[in-house]
Asker: 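Take this structure first; my questions come after.
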Amino acid sequence: MEGLNSFLRYPLEELPFILLVLVLAFTVHEFAHAYAAYKFGDPTAKQLGRVTLNPRVHLDVLGTILILIAGFGWAKPVPVNRGRFKHPRLMGIVVSAVGPLSNFVLAFVGIVIYHIFATSGILNGASTGVVAAIDLFLRRLVELNIVLFIFNLIPLPPLDGYRIIEDLAPSHIRMKMAQNEQWGIFVFLLIVFIPKLSEYTIQPLFLFGRDLIYEMSRFVAIFI
């Protein structure tokens, strides 16, 4: 058990909560992409059954395992045909952005619920175990959704940040990006698993996420 704990980013006893949060976060993220694309006129995701909150059609095994090991990962990308949009670039940016934004919203909702529980006394009669479980779930809900919000905005394929840059770029640059897109996953793996690279790329994102959660919590505390 100790060996497995050292291999995973999160303690083994937290795995049920982590997996529950991941199912929720990934499902809402991919549903947001699919729903936005469908509303903008592209039925591709709808035809493939992706406009749904059923997690089975959205989860990616490798992406889920990676988040347990490295702290971040992905779900199955939603196929989008931007040629179906009335304004392909603008609507493409929106479709790409709503996924990470959905994770930000989930994190914000988690912070609001956490503050309500902390200040209202709703859990005063609950057992210590129940309070601890709810506290852990809400903390991980906030933390992992902020990680996914930031992580998915990294401008490397196939992440949403890359698709946003792609839609913003002039046509000649888009062509060059498409020619080198296959190397994106290798660059990503290098910056994740080489400690010296991770120290200056991925780790600062985690620190930024921690600061963002703190500022969001301060903001919510003003009103609750």
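Keep in mind that the numbers below use all heavy atoms, side chains included, and drop hydrogens, waters and symmetry copies. The residues of the chain are indexed from 1 along the displayed sequence. Because the structure is predicted, anything quoted here is derived from the model rather than measured.
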Asker: For residues 89-100, tabulate all N or O donor-acceptor pairs below 3.5 Å that involve a side-chain atom, not counting sequence neighbours.
Answerer:
unit_1 : atom_1 : unit_2 : atom_2 : d
Arg89  : NH1    : Ala169 : O      : 2.8
Arg89  : NH2    : Ala169 : O      : 3.2
Arg89  : NH2    : Ser171 : OG     : 3.4
Ser96  : OG     : Arg82  : NH2    : 3.0
Ser96  : OG     : Gly92  : O      : 3.1

Asker: Do the side chains of Glu14 and Arg140 get close enough for a salt bridge, i.e. N-O under 4.0 angstrom?
Answerer: yes

Asker: Would you call Arg163 and Asp167 a salt bridge, using N to O less than 4.0 angstrom?
Answerer: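 Here Arg163 does not pair with Asp167 in a salt bridge, since their nearest N and O are not under 4.0 Å apart.
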
Asker: Check for me, please, whether Leu148 and Leu101 land in the same ILVMFWY cluster - side-chain distances under 4.5 Å, paths through other members count.
Answerer: yes

Asker: Side chains of Arg50 and Tyr35: any donor to acceptor distance under 3.5 Å?
Answerer: no

Asker: Find the distance between CZ (Arg139) and CD (Glu143) and round it off to the nearest 0.5 Å.
Answerer: 10.0 Å

Asker: What is the distance from atom NE2 of His115 to atom CZ of Phe219, rounded to the nearest 0.5 Å?
Answerer: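 Result: 11.5 Å between the selected atoms.
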
Asker: Looking at every heavy atom in both Asp60 and Leu62, which two are closest together, and how far apart are they?
Answerer: OD2-N, 3.2 Å

Asker: Side-chain contact, heavy-atom cut-off 4.5 Å: Phe208 with Ile150?
Answerer: yes

Asker: Would you name the heavy atoms of Val131 and Leu123 that are closest together and state the gap between them?
Answerer: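 What the structure gives for the nearest pair is CG2-O, 4.0 Å.
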
Asker: Going only through I, L, V, M, F, W and Y residues with side-chain contacts under 4.5 Å, is there a path from Ile222 to Tyr214?
Answerer: no

Asker: Could you check if a side-chain atom of Met216 sits within less than 4.5 angstrom of a side-chain atom of Phe108, using non-hydrogen atoms only?
Answerer: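 Yes. Closest side-chain heavy atoms under 4.5 Å.
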
Asker: If I compare all heavy atoms of Leu106 with all of Leu24, which pair ends up nearest, and what's the gap?
Answerer: CD1-O, 4.2 Å

Asker: Do Asn54 and Thr52 meet the criterion of a side-chain donor-acceptor pair at a distance under 3.5 Å?
Answerer: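 Per modelled atom types, Asn54 and Thr52 side chains form no pair under 3.5 Å.
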
Asker: A side-chain contact here means heavy atoms from C-beta on lying under 4.5 Å apart; do Phe117 and Leu138 qualify?
Answerer: yes

Asker: Does a donor on one side chain and an acceptor on the other come within less than 3.5 Å for His29 and Asp160?
Answerer: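 There is such a pair (donor and acceptor under 3.5 Å, judged by atom type) between the side chains of His29 and Asp160.
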
Asker: Does Tyr114 reach the side chain of Ile134, with side-chain heavy atoms less than 4.5 Å apart?
Answerer: no

Asker: Name the orientation class of the two ring planes belonging to Phe149 and Phe104 (parallel below 30°, tilted from 30 to 60°, perpendicular beyond 60°).
Answerer: tilted

Asker: Less than 6.0 angstrom separating the ring centers of Phe137 and Phe17, yes or no?
Answerer: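 Not under 6.0 Å, so no.
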
Asker: Under 4.5 Å between any side-chain heavy atoms of Phe40 and His87, yes or no?
Answerer: no

Asker: How long is the straight-line distance from CZ of Arg56 back to NZ of Lys76, given to the nearest 0.5 Å?
Answerer: 10.5 Å

Asker: Less than 4.5 Å apart, any side-chain heavy atom of Leu153 and any of Leu159?
Answerer: no

Asker: If two hydrophobic side chains count as joined below 4.5 Å and joins carry through other members, does Phe26 share a cluster with Val28?
Answerer: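 Both belong to a single hydrophobic cluster.
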
Asker: Are Leu48 and Val51 grouped together when hydrophobic residues (ILVMFWY) are joined by side-chain heavy atoms under 4.5 angstrom apart?
Answerer: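 In one cluster with Leu48: Val51, no.
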
Asker: Take Phe85 and Val80 through the side chain to side chain contact (heavy atoms under 4.5 Å, CB included) test and state the conclusion after the steps.
Answerer: CA-CA 10 Å; Phe85 298 154; Val80 176; 3.6 Å; yes

Asker: Would a 4.5 Å heavy-atom cut-off, applied to side chains only, mark Lys46 and Tyr38 as touching?
Answerer: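 Contact flag for Lys46/Tyr38 side chains = yes.
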
Asker: Could you please spell out the steps behind the side chain to side chain contact (heavy atoms under 4.5 Å, CB included) verdict for His33 and Glu30?
Answerer: CA-CA 5 Å; His33 284 314; Glu30 298 305 330; 3.6 Å; yes

Asker: For the side chain of Ser198 and the backbone of Ile194, is there at least one donor-acceptor N/O pair under 3.5 Å apart?
Answerer: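 Between the backbone of Ile194 and the side chain of Ser198 there is no qualifying donor-acceptor contact (under 3.5 Å).
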
Asker: Are Leu53 and Leu141 grouped together when hydrophobic residues (ILVMFWY) are joined by side-chain heavy atoms under 4.5 angstrom apart?
Answerer: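 In one cluster with Leu53: Leu141, no.
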
Asker: Run the numbers on Phe31 and Val78 for side chain to side chain contact (heavy atoms under 4.5 Å, CB included), then give the verdict.
Answerer: CA-CA 8 Å; Phe31 169 78; Val78 169; over 6 Å; no

Asker: One pair to check against side chain to side chain contact (heavy atoms under 4.5 Å, CB included): Leu144 and Asn103. What are the steps and the verdict?
Answerer: CA-CA 9 Å; Leu144 284 171; Asn103 294 123; over 6 Å; no

Asker: Using every non-hydrogen atom in the two residues, find where Ala34 and Ala45 come nearest and quote the distance to one decimal.
Answerer: CB-CB, 3.7 Å

Asker: Find the distance between CD1 (Ile122) and CD1 (Ile116) and round it off to the nearest 0.5 Å.
Answerer: 7.0 Å

Asker: Roughly how far, to the nearest 0.5 Å, is the CG atom of Leu168 from the CZ atom of Arg174?
Answerer: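 Rounded to the nearest 0.5 Å, the CZ-CG separation comes to 9.5 Å.
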
Asker: I'd like to know if Glu166 pairs up with Lys176 as an ion pair, taking the criterion as any Lys NZ or Arg NE/NH1/NH2 lying under 4.0 Å from an Asp or Glu carboxylate oxygen.
Answerer: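 Looking at Glu166 and Lys176, the cut-off is not met.
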
Asker: Could you report the tightest heavy-atom contact between Leu205 and Ile154, atom names first, then the distance?
Answerer: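 The answer is CD1-CD1, 3.5 Å.
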
Asker: Please find the pair of heavy atoms, one from Val57 and one from Gly49, that lie closest to each other, and give the distance.
Answerer: CG2-O, 3.7 Å

Asker: To the nearest 0.5 Å, what is the distance between CG (Asp135) and OG1 (Thr128)?
Answerer: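 Spacing of CG (Asp135) from OG1 (Thr128) equals 12.0 Å.
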
